[in-house]
Number of protein chains: 2
Amino acid sequence: MTSVDEQARHGGRIRDAARTQAEILDVATQEFARAGYDGARVDEIAARTRTTKRMIYYYFGGKEQLFTAVLERAYGVIREAEQQLDVEHLDPVAAIRRLAEVTFDHHEAHPDFIRLVSIENIHGAEHIAASEKLGKIGSPALDVIRRILAAGQESGLFTADVDAVDLHAMISSFCFFRVANRHTFGALFGRDLVDPAQREHYRTMLGDMVIAYLTAERAAD
Amino acid sequence: MTSVDEQARHGGRIRDAARTQAEILDVATQEFARAGYDGARVDEIAARTRTTKRMIYYYFGGKEQLFTAVLERAYGVIREAEQQLDVEHLDPVAAIRRLAEVTFDHHEAHPDFIRLVSIENIHGAEHIAASEKLGKIGSPALDVIRRILAAGQESGLFTADVDAVDLHAMISSFCFFRVANRHTFGALFGRDLVDPAQREHYRTMLGDMVIAYLTAERAAD
DNA sequence: TGACTAACGTACTAGTTCGTACATTAGCTG
DNA sequence: CAGCTAATGTACGAACTAGTACGTTAGTCA
């Protein structure tokens with residue numbers, strides 16, 4: 001009997017632990033991002049999977065751990081993207097601008113991730129705290145920023161008093177707000193921050209802002 | 001019989017519709033901010049009030065409308081703060097910096113409001129859309145920004161191509177992120193963005209950033 | 001002062017939702 | 001190929017939760 005026949009015999013499904021887990025994570029990511037932690041329904045996640053609720057508890061233990069697993073995978077994706085960052089060959093100004101653009105693009109491309117982070121903040125980052133993986137991730141982007149900043153400061157292009165974590169916060173703020181607060185901002189000010197027609201405008205604005213901050217003359221502290 | 005005796009007779013409580021509604025709104029604000037919309041419990045809100053759940057439905061109609069009422073009041077507070085903004089007598093640079101500082105201070109002073117806005121964004125701003133009040137609020141801050149920008153651009157201090165709504169978004173991004181993402185940022189990067197010892201640092205950083213952006217030379221579009 | 005209504009309280013229900021006990025089977029391994 | 005275990009499915013329950021039916025009382029006004 002062929003493998004295809006096997007599948008047919010069991011309704012098209014074969015046992016595949018990794019695949020089942022991945023599918024649960026996919027659907028769970030969508031559901032948590034859609035409705036928040038408490039708004040998400042375990043039954044709904046199960047229903048949209050080719051498996052059953054039983055499997056969620058079998059593999060993840062419970063709703064809390066499932067959400068933690070979703071977060072771990074989501075953060076893993078951005079970490080990978082950051083690791084592929086290759087800006088060392090650029091001059092400091094171009095490198096920072098490129099970094100800002102990559103951050104901008106990643107936020108725009110992953111609104112579900114942004115929502116998950118918002119949700120996790122509502123819950124005081126307790127799942128990150130409970131995760132062994134997420135605690136000691138470290139950020140590849142941060143290392144990149146440190147190197148660019150050092151180069152820029154040494155060459156005198158950048159003002160000397162800027163910290164890498166602060167700069168990361170500054171860039172993230174803009175990218176995050178634009179996606180996360182899209183709805184309230186749109187409702188209150190009548191402007192869609194994620195309007196494709198405005199994409200280049202805001203992308204440039206972010207770069208201009210960061211570079212202006214880094215190259216501006218400031219009163220010494 | 002004195003008023004005090006009256007109160008004593010009924011367990012210290014007098015009938016006062018306005019007061020009951022205000023108390024429900026106070027507690028509901030805390031509860032929604034604490035746990036999110038779906039995480040919030042109507043029973044919990046009622047329990048922490050001097051009245052009962054029955055009154056929540058009597059005055060507000062339901063959980064959804066209660067949350068909308070909470071949002072309406074929260075936005076009212078920030079609108080009032082913005083209306084008291086008095087920076088017209090300052091030069092454009094000082095005026096923008098003052099505006100940024102006021103925004104910064106307000107975000108820091110009202111973390112519950114920030115959480116409510118995050119929550120409302122998770123739900124696609126549907127309560128704002130459903131609210132008659134919130135639709136046509138308009139932002140006093142936006143008018144102020146428009147005037148300062150016009151003055152700054154006319155005097156040649158500021159670059160000409162900056163829009164008021166965009167600048168508002170820029171300032172809000174930083175202030176919002178610092179409070180809203182405090183927990184995940186702290187857990188991942190080991191830095192508390194709301195640490196009082198760092199307050200002046202970030203407050204200055206925001207002003208520097210905005211002024212640098214507004215006064216920088218840029219390639220024409 | 002009597003009666004009318006807004007304001008309030010109690011007790012309950014219908015529906016939901018996380019989680020689990022129990023039963024079954026696919027597929028590997030010796 | 002026998003048997004063992006990881007993987008899976010079904011059916012159910014206990015607890016929670018938004019919302020309500022019904023009853024009571026305070027305060028005002030004719």
Side-chain angles (χ1 to χ4, degrees), chain A residues 1-25 27-28 31-32 34-70 119 123 127, chain B residues 1-25 27-28 31-32 34-70 119 123 126-127 130:
Chain A
M1 224 178 251
T2 69
S3 165
V4 171
D5 286 338
E6 291 282 351
Q7 280 182 240
R9 195 158 53 124
H10 311 108
R13 276 171 243 170
I14 326 178
R15 300 197 166 191
D16 186 339
R19 198 169 129 21
T20 300
Q21 291 174 50
E23 193 175 348
I24 290 172
L25 278 179
V27 177
E31 173 70 359
F32 280 123
R34 181 188 69 79
Y37 178 78
D38 290 289
R41 298 287 161 243
V42 177
D43 283 299
E44 177 65 20
I45 294 171
R48 286 169 48 201
T49 301
R50 263 177 284 187
T51 185
T52 64
K53 187 166 57 160
R54 175 73 182 77
M55 288 296 97
I56 292 174
Y57 289 90
Y58 183 70
Y59 284 121
F60 298 95
K63 192 180 180 184
E64 294 267 355
Q65 295 101 307
L66 177 60
F67 184 70
T68 302
V70 164
I119 292 160
H123 294 86
H127 303 95
Chain B
M1 224 179 252
T2 70
S3 165
V4 171
D5 286 337
E6 291 283 350
Q7 281 184 240
R9 199 159 52 127
H10 312 108
R13 275 172 244 170
I14 327 179
R15 299 196 166 193
D16 186 338
R19 203 174 125 20
T20 300
Q21 291 176 50
E23 193 175 347
I24 291 173
L25 279 179
V27 177
E31 173 70 359
F32 280 122
R34 180 189 69 80
Y37 178 78
D38 291 289
R41 298 288 162 240
V42 177
D43 282 300
E44 177 64 20
I45 295 171
R48 287 168 51 202
T49 301
R50 263 178 282 187
T51 184
T52 65
K53 186 166 55 159
R54 176 72 184 75
M55 288 297 99
I56 292 174
Y57 289 89
Y58 183 68
Y59 283 121
F60 297 96
K63 193 180 179 182
E64 293 267 355
Q65 295 100 306
L66 176 61
F67 184 70
T68 302
V70 164
I119 293 161
H123 294 87
E126 61 180 12
H127 302 94

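In this text, all values refer to a predicted model and were calculated from it rather than measured experimentally. Below, chain A is the first sequence line, B the second, and so on; all start at residue 1.
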Ignoring hydrogens and geometry, is there a side-chain-to-backbone donor-acceptor pair from E31(B) to V42(B) under 3.5 Å? no

Return no unless some side-chain N or O of [X] is found under 4.0 Å from OP1 or OP2 of [N].
X: T20(B); N: dC8(C); value: yes
X: T51(A); N: dG9(D); value: yes
X: T52(A); N: dG9(D); value: yes

Side-chain heavy-atom pair I45(A), L66(A) within 4.5 angstrom cut-off: yes

Can you find a heavy atom in the side chain of I24(B) that is under 4.5 Å from one in the side chain of M55(B)? yes

Sequence neighbours excluded, which residues qualify as side-chain contact (heavy atoms from CB on, under 4.5 Å) partners of Q65(A)? none

Sequence-distant partners of A17(B), side-chain contact (heavy atoms from CB on, under 4.5 Å), two or more places apart: Q21(B), Y59(B)

Using only modelled atom types and a 3.5 angstrom limit, is any donor from either the side chain of K53(B) or the base of dG9(C) paired with an acceptor on the other? no

So for R54(A) and dG9(D), does any side-chain atom that can act as donor or acceptor lie under 3.5 Å from a complementary atom in the base? yes

How would you list, by chain and number, every residue that makes a ring pair (Phe, Tyr, Trp, His ring centres under 6.0 Å) with Y37(A), sequence neighbours excluded? F32(A), F67(A), H123(A), H127(A)

For DNA chain D, determine which residues of residues 55-69 of chain A have any heavy atom closer than 4.0 angstrom to one of its atoms, and list them numerically. M55(A), Y58(A), Y59(A)

Enumerate the residue pairs fulfilling salt bridge (charged side-chain N to carboxylate O under 4.0 Å, His left out) with a member in residues 51-63 of chain A, sequence neighbours excluded, ordered by first and then second residue. D43(A)-K53(A)

Atom-to-atom span, CZ of F32(A) to C1' of dT17(C) - whole angstrom: 13 Å

Euclidean distance, atom CZ of residue R15(B) to atom C1' of dA26(D) [Å, nearest integer]: 4 Å

Which heavy atom in A40(A) sits nearest to a heavy atom in A35(A), and how many Å separate them? N-CB, 3.7 Å

For DNA chain C, the residues among residues 36-44 of chain A that have a non-hydrogen atom under 4.0 Å from it: A40(A), R41(A), V42(A), D43(A)

